[in-house]
Every structure is written in C-alpha cells, then in structure tokens.
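See structure below.
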Amino acid sequence: MIKSGRALRLGRLFKGDETPLFLVPLDHTVTDGPFTDARGYDALLGILADNGADAIVVHKGRLRLLPRSVYARLAVVVHLSASTRYAADPTFKYQVAEVDDCLRRGADAVSVHVNVGSLTEDRQLRDLAGVADACDRAGLPLLAMLYPRGPGIKDHPQLETLLHAAALAVDLGADIVKLPLQGPVAAMKRVVDSCPIPILAAGGAQAPDQQFGTFVADVMASGARGLAAGRNIFMAADPGAKVREVRRLLSAAVAFNRADTPPLADAAGDRMAFPTNGGAATQEHV
C-alpha cells in the first residue's frame, strides 16, 4: 500500500506507535528575541540532534539556515503564528506564513497557535481552520498549539478549558495538539482520554531539574504521546544532558506502560519517577 505524503511526514515525527515524540520549540526568538548568538544557535541544533530530540519548531526563515546534517536527523515543524511580547495584545497570534510556501521550503509539518479565550479568539480559530484545509491539500501534518489564555477563561476550571481546547483541535482538523497539561495525573489523563489525536504536553516555563523531571514523568503517565519543551532545554546549563535525561524519562514511561512494572527512579535521587505533582510546570509565554 502506498502511503500518502501526510502519513510519510507523520512518520518522521512519530517513529513508532509507542515511541514518544520529543519536540523542542525554538520559535521563541520571534516572541521574546534571541536566546543565544548565531554560533550558539547552530551548536544547539547539533546538540539536539546528537542527544535524542526528534524534532524542532522554527519559523520559515530559519529553514534555509539549517545545516543539512541536522535536517537529516531532526524533523522540522514550521510555526505559522506570531506575536511579540511588545504587542498591545500579546495573546493575539496572527498568521505570518503559508502552508504551500513552508512545504516548498522543506517543512515536515506546520503548527498554528491559538489562545482560547483571548479577545481575538475568533480570528485565531479561523486561521487554524484555514490552515487545516491547506494542509489537507498539501499533504502536510498540522500541529495545533491550543492554550486556554485570556479574559474569556476567567472563572472557568482549568480541566474544563483543557478538555475544550483538545476538542477544538480535533474538530478543526489538526493531526496533533500541544496543550499546557497541568495538575494531577488523573486530571491530565481525562484530557488525553477525551482526545482521538496525539497530545503533546507543553514544557512550560523553566523549572528546577527535579520539578521538571517529575512533570515529564507525570504527563507520560497520563498517556500523552510526547513532550514539547523549549525553555527547559535551551536555557539549561547543559542542554545535551537535559535532552538525554528527558529522553530517558520518555523511554522509562514506555517501558513502564509495556511491562506494568515499577518505574525507574528519577535522576534526583531514587524516588519513583511517576508521582503526582499537582501541576509542576508553570505556563510559559509563547
């Protein structure tokens, strides 16, 4: 059976039915400005490729600057949404690239960000739906980044808004959804179980190593298909070691779920790697 281009590209992201996806967003440079110089950025790409990351998220202009050796080892998701921290309304994400152009430039997938509950939610949802249609025509996978954020979610329980965000991604045509999963494992599992497409947990703001490791273990225990972590990787004192540790936690979760045996101890000191953390990761601004 001949696979579609969309299926082939999804295969560059998900290496197997059980293998978690480890995605490292590097699109923060549009929102917040550079986090390193040009030489440091290139070095980081090599570190990610060498130590266990599966994919990166960048904006379209970065595609032409990616070394071939890195592109061969990392899948590349091109982010279509933008805003800067200086904007009057930073929650307004607007589209700055087209699907066909990103496909021509070499994207393996594209992503769109929607802040659910923001003042411009209507325009952001319209952009998401339009991009989903374009991805269908182009055979390109779509990652939807859905964040309950803005005045519209005030007084609504976190679990309610996460369940709604997941449903929006499905109903508007995304292949994968990135959500700011938080809270007890049981609550995160309710969101994962409600959603028929793969869920990636957003890594959140930079957190201490032990706290972040517990969060990674918890989201994997909930059944999430992977992790999308940026700041906790590229702001780490040793990004290579951090990537290897996250990869270890992801692999441990797969082994635990497959064998139904006690999980591996975490790196911080022989405590079990799958406790309930009650929401360890603080939401990042993206």
Side-chain angles (χ1 to χ4, degrees), residues 3-25 27 54-57 75-81 93 99 102-103 107-117 121 124-149 158-183 185-203 216 218-229 250 253-254 257 286:
K3 288 188 176 181
S4 69
R6 196 170 196 163
L8 289 170
R9 293 181 181 98
L10 280 169
R12 270 181 59 81
L13 292 167
F14 293 100
K15 303 299 192 295
D17 291 338
E18 294 185 339
T19 304
L21 173 60
F22 182 11
L23 179 72
V24 181
D27 56 294
D54 297 309
I56 56 175
V57 180
V76 180
V77 180
V78 178
H79 199 38
L80 307 189
S81 304
K93 296 291 183 177
V99 170
C102 293
L103 179 61
D108 293 301
V110 296
S111 58
V112 173
H113 186 123
V114 175
N115 285 318
V116 179
E121 179 197 83
Q124 295 176 53
L125 288 176
R126 186 169 61 242
D127 284 347
L128 174 59
V131 168
D133 291 342
C135 283
D136 278 337
R137 294 190 293 270
L140 205 60
L142 171 59
L143 165 64
M145 303 182 182
L146 274 288
Y147 284 66
R149 181 185 293 161
Q158 180 186 75
L159 179 58
E160 173 193 312
T161 59
L162 285 172
L163 287 164
H164 199 158
L168 280 171
V170 175
D171 291 336
L172 294 183
D175 297 286
I176 310 165
V177 58
K178 172 188 171 188
L179 297 172
L181 292 177
Q182 295 183 27
V185 172
M188 292 190 283
K189 189 176 188 306
R190 281 191 59 187
V191 179
V192 172
D193 289 347
S194 77
C195 188
I197 64 174
I199 289 180
L200 301 182
V216 173
D218 281 355
V219 296
M220 294 309 300
S222 76
R225 283 289 276 118
L227 177 74
L250 297 178
V254 172
N257 292 333
V286 293

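All values derive from a computational prediction rather than experimental measurement. Position 1 is the first residue of the sequence; numbering continues from there.
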Take I176 and L10, measure what side chain to side chain contact (heavy atoms under 4.5 Å, CB included) needs, and give me the verdict at the end.
-> CA-CA 10 Å; I176 310 165; L10 280 169; 4.1 Å; yes
Check the surroundings of atom CZ in R12: do more than 12 heavy atoms from other residues, nucleotides or ligands lie under 6.0 Å from it?
-> yes
Could you give the distance from CG (L159) to OG (S194), rounded to the nearest 0.5 Å?
-> 8.5 Å
Closest heavy-atom pair and its distance - K178, P25 | NZ-CG, 4.1 Å
Heavy-atom closest contact (L200 atom, L227 atom, distance) | CD2-N, 4.1 Å
Are the side chain of D54 and the backbone of L23 linked by a donor-acceptor contact shorter than 3.5 Å?
-> no
Could you walk me through whether L250 and M220 pass side chain to side chain contact (heavy atoms under 4.5 Å, CB included), step by step?
-> CA-CA 7 Å; L250 297 178; M220 294 309 300; 3.5 Å; yes
Could you check whether the rings of H113 and H79 sit parallel, tilted or perpendicular, using 30° and 60° as the cut-offs?
-> perpendicular
Taking all non-hydrogen atoms of both residues into account, name the closest pair between L146 and A169 and its distance.
-> CD2-CB, 4.1 Å
Residue pair V116, Q124: steps toward the side chain to side chain contact (heavy atoms under 4.5 Å, CB included) verdict | CA-CA 9 Å; V116 179; Q124 295 176 53; over 6 Å; no
Kindly compute the distance separating OG (S81) from CE (M145), expressed to the nearest 0.5 Å.
-> 8.0 Å
For the atom pair CG (D127) and NZ (K93), what is the distance rounded to the nearest 0.5 Å?
-> 12.5 Å
Determine yes or no for a side-chain-to-main-chain donor-acceptor pair under 3.5 angstrom, with D175 supplying the side chain and L142 the backbone.
-> yes
Can you see which heavy atom on L163 is nearest to which on V191, and at what distance?
-> CD2-CA, 3.7 Å
Roughly how far, to the nearest 0.5 Å, is CG of L128 from CZ of R126?
-> 12.0 Å
Please round to the nearest 0.5 Å and tell me the distance separating atom CG of L162 and atom CD of Q182.
-> 7.5 Å
Of all the heavy-atom pairs spanning V192 and A224, show the shortest one and how long it is.
-> CG2-N, 3.9 Å
V114 and L168: CA distance, side-chain angles, deciding distance, side chain to side chain contact (heavy atoms under 4.5 Å, CB included) verdict = CA-CA 10 Å; V114 175; L168 280 171; over 6 Å; no
Mind listing the closest non-hydrogen atom pair of V78 and C102 along with its distance?
-> CG1-SG, 3.5 Å
Any side-chain heavy-atom pair of R225 and I197 under 4.5 Å | no
To the nearest 0.5 angstrom, please state how far the CG atom of L140 sits from the CG atom of D108.
-> 8.0 Å
